[in-house]
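In what follows, every heavy atom counts, from backbone to side chain, and hydrogens, waters and symmetry copies are set aside. Every chain is numbered from 1, with letters handed out A, B, ... down the list of sequences.
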Protein chains: 2
Amino acid sequence: MPARTRRGEVGVVDLARELEVSTATVSRALNGSERVRPELARRIRDHARDRGYVANRHARALSSNSSHAFVGFVIPYVDTPAYSAVAAECARLLSADGTQMILTITENDPRRELDQVRDLLATRVAGVVVSPSTGILAATRELLRALPVVQFHRGAGIGAPGVFSDDAALGEAVSRLVDLGHRRIGYIGPSRAISNGAARLTAVRDGAAAAGLDPDSLAVRLLEPATDQGAGAVRELLHRADRPTALVVGGGTLSLAVAREVRASGLALPGDLSLVVYGDPAWFALHDPPLTVVSVDYPELARRAARLLLGGIGGDPPGGDVLLPSELRTGGSTGPPPPGT
Amino acid sequence: MPARTRRGEVGVVDLARELEVSTATVSRALNGSERVRPELARRIRDHARDRGYVANRHARALSSNSSHAFVGFVIPYVDTPAYSAVAAECARLLSADGTQMILTITENDPRRELDQVRDLLATRVAGVVVSPSTGILAATRELLRALPVVQFHRGAGIGAPGVFSDDAALGEAVSRLVDLGHRRIGYIGPSRAISNGAARLTAVRDGAAAAGLDPDSLAVRLLEPATDQGAGAVRELLHRADRPTALVVGGGTLSLAVAREVRASGLALPGDLSLVVYGDPAWFALHDPPLTVVSVDYPELARRAARLLLGGIGGDPPGGDVLLPSELRTGGSTGPPPPGT
DNA sequence: CTGAAAGCGCTAACAC
DNA sequence: GTGTTAGCGCTTTCAG
């Protein structure tokens with residue numbers, strides 16, 4: 001007697017019995033195999049629908065040791081637009097594909113990341129979308145090598161395709177500032193240990209150089225991207241004798257902190273100081289004046305990542321990285337430096 | 001020959017063979033059963049660790065038709081602080097419990113919600129945390145009755161406990177405005193079809209009444225909570241002959257839209273108009289002046305929800321609803337009405 | 001084209 | 001305490 005459980009759910013055996021066919025045929029019909037008489041297939045599918053049949057995903061996954069039933073989504077945070085917007089769009093697209101997305105927050109802790117990736121493997125996920133923690137462990141990299149992976153925002157040197165911002169607008173922002181007459185420019189961005197931290201610093205330096213300003217003259221402060229970071233750097237930079245006449249921020253969370261601290265400093269924007277932030281324009285438009293912001297189309301980024309992953313799961317050869325154009329939206333927080341500087 | 005797959009992973013059979021015990025004993029030891037000689041249990045666990053054993057969650061879930069392996073998280077959106085902050089904290093807490101969280105975005109579409117809940121049941125999730133869509137289907141309610149459920153933000157009349165804001169601060173905000181001398185107050189909030197829409201409207205009306213203002217004199221505009229909503233209502237309200245001297249907003253997404261439109265109107269805050277918004281204070285502090293905001297401790301809300309769910313999964317009797325205190329943070333956007341109104 | 005039967009990797013009765 | 005043996009519900013050879 002199948003005493004174990006069966007909470008009244010219909011399974012393939014029920015369908016098979018009721019239709020007087022074999023479970024194999026039912027399975028084939030339900031999975032759209034070509035090798036079933038079309039008429040029969042339709043009958044089986046209709047009956048399954050009528051009976052409210054829903055395949056047990058565990059059984060399915062266990063049996064055919066593959067399936068797109070699950071995908072892992074491994075990110076350091078989700079309560080910040082750069083991640084929540086991507087998570088939202090990925091969940092949308094994957095669920096349209098019948099795939100369930102397992103959300104995992106590493107909090108940028110490599111140990112937790114490893115545990116979580118291990119658990120995802122235990123779930124036999126079809127693939128993983130990951131934004132690696134700063135100090136990703138070699139073991140994690142190793143595990144990720146075993147299945148289709150797509151990286152975003154940050155790369156981790158796993159041989160997997162990624163979707164990133166080109167961050168060109170960040171360089172453009174610096175060039176514009178130089179063109180406006182700024183010579184002392186501060187840059188506050190994510191630590192170089194994070195791939196996008198390195199990329200953004202490069203973009204900023206290149207932007208300076210392109211406009212004829214020595215990149216080494218930039219006052220650079222690299223920090224962990226966290227809410228409690230940034231304020232200190234702002235204070236320090238603004239209290240220097242040769243304080244910068246413009247500040248550029250290279251990360252969303254840092255931008256919020258910096259904007260707050262700049263506000264607290266009482267400096268007028270852009271009269272006393274020009275400010276360029278990074279992230280979601282909708283929020284930074286609240287500021288008065290609206291902040292000049294470097295932004296990336298996160299939903300588009302998500303779409304590319306999802307497409308890449310589904311391709312990888314489908315067996316496509318791993319494509320190359322995708323670089324999304326960043327955009328500089330000039331608000332009211334940038335202008336010429338104060339006279340006499 | 002077990003030819004199907006085995007991608008070189010170690011399983012209980014391997015461990016059993018290597019230790020010359022039975023798979024049952026291995027399983028028991030790994031699951032912390034009392035009925036294994038402690039010394040043996042330790043030996044088994046150590047060996048499992050050394051071999052890098054990771055239990056196949058599908059097999060486990062399939063076999064013991066229960067387990068907290070998976071939990072569903074069903075929400076209308078995730079790219080808004082009210083949801084992303086809760087998702088973040090829940091993912092944290094659940095993952096600490098070894099539970100994987102399947103994220104599902106309904107986009108407030110009842111059909112998708114039903115499909116997604118059905119799929120979650122197919123995954124035999126141990127429970128579901130849900131913020132129901134506006135027009136949740138009866139079928140969805142029915143399905144949710146079959147397992148531990150916790151609601152948050154919005155309720156859906158499924159007999160499940162929920163964690164909500166008491167929204168008292170919204171009433172308090174209105175009372176304060178009346179005390180400051182405002183008589184024409186506008187309220188823009190979520191549709192009453194959403195449980196929190198109804199609750200917030202009630203809070204606002206109660207706040208008015210408590211301060212001696214006829215609730216029916218409020219200019220109320222109820223909308224779907226979406227970015228493209230709110231602006232129209234603001235324009236309409238502000239162009240009336242007897243335009244409100246104060247505006248209160250009852251939702252986070254609406255607040256962003258309203259703040260933007262108010263800014264566009266060119267009215268001075270609080271000189272021409274007082275404004276109270278709803279949501280994450282960190283962002284609204286960007287505004288100049290910093291906006292007076294009604295807020296809820298989302299991480300705490302998440303903690304309560306996660307605890308409730310884990311309790312329910314653990315077999316605790318379903319407790320009652322949790323009402324979290326809301327907080328009124330007075331910024332610079334509220335003051336007395338303009339003279340002569 | 002269809003059916004019988006063998007598992008996927010694990011847990012849980014039921015013996016010993 | 002520990003081992004034996006059924007399955008969980010599905011997919012998938014292998015026959016026919």
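Between Asp46(B) and Arg43(B) no salt bridge is recorded (no basic side-chain N to carboxylate O distance below 4.0 Å). A salt bridge links Arg51(B) with Glu18(B): the closest approach of a Lys/Arg side-chain nitrogen to an acidic carboxylate oxygen falls below 4.0 angstrom.
Here the side chain of Ala59(B) is nearest to one of dC10(D), dG3(D), dC10(C), namely dC10(C). For Ser63(A), whose side chain is taken as the heavy atoms from C-beta onward, the closest listed nucleotide among dC10(C), dA12(C), dG7(C) is dG7(C). With distances taken from any side-chain atom of Ser64(B) to the nucleotides dG3(D), dG9(C), dT11(C), the minimum falls on dT11(C). Of the listed nucleotides (dC10(C), dG3(D), dT12(D)), dG3(D) has the atom at the smallest distance from the side chain of Thr25(B).
Between the side chain of Thr23(A) and the base of dG3(C), no donor-acceptor pair of N or O atoms lies under 3.5 Å. Side chain Arg124(A) to base dG9(C): no donor-acceptor pair is found below 3.5 Å. Arg28(A) contributes a side-chain N or O that forms a donor-acceptor pair with the base of dG3(C) under 3.5 Å.
Atoms CZ (Arg35(B)) and P (dA15(C)) sit 14 Å apart, rounded to a whole Å. The CD1-P distance, from Ile44(B) to dG3(D), rounds to 8 Å in whole Å. Atoms CG (Leu19(A)) and P (dG3(C)) sit 10 Å apart, rounded to a whole Å. Atom-to-atom, CG of Leu62(A) to P of dG9(C) comes out at 7 Å; the value is rounded to the nearest Å. Rounded to whole angstrom, the span from the CG atom of Leu15(B) across to the P atom of dG9(C) amounts to 13 Å. Atom CG in Asn31(A) sits about 13 Å away from atom C1' in dG9(D), given to the nearest Å. Following rounding to the nearest Å, Glu20(B) (CD) and dT2(D) (C1') show an atom-to-atom distance of 14 Å. Rounding to whole angstrom units, CG of residue Leu30(B) and P of dT11(C) are separated by 7 Å.
Heavy atoms of Arg37(B) sit under 4.0 angstrom from primed sugar atoms or phosphate atoms, though from no base atom.
Relative ring orientation between Tyr83(A) and His153(A) is described as perpendicular, the plane-to-plane angle rising above 60° on a 0-90° scale split at 30° and 60°.
Residue whose closest nucleotide on DNA chain D sits further toward the 5' end, between Pro38(B) and Val12(A): Pro38(B).
If you run ring-ring contact (aromatic ring centres under 6.0 Å, His included) between Phe152(B) and each of Tyr298(B), Phe73(B), Phe164(B), only Phe73(B) comes through.
Taking each heavy atom of Thr23(A) and Ala16(A) in turn, the nearest pair found is N-CB, 3.7 Å.
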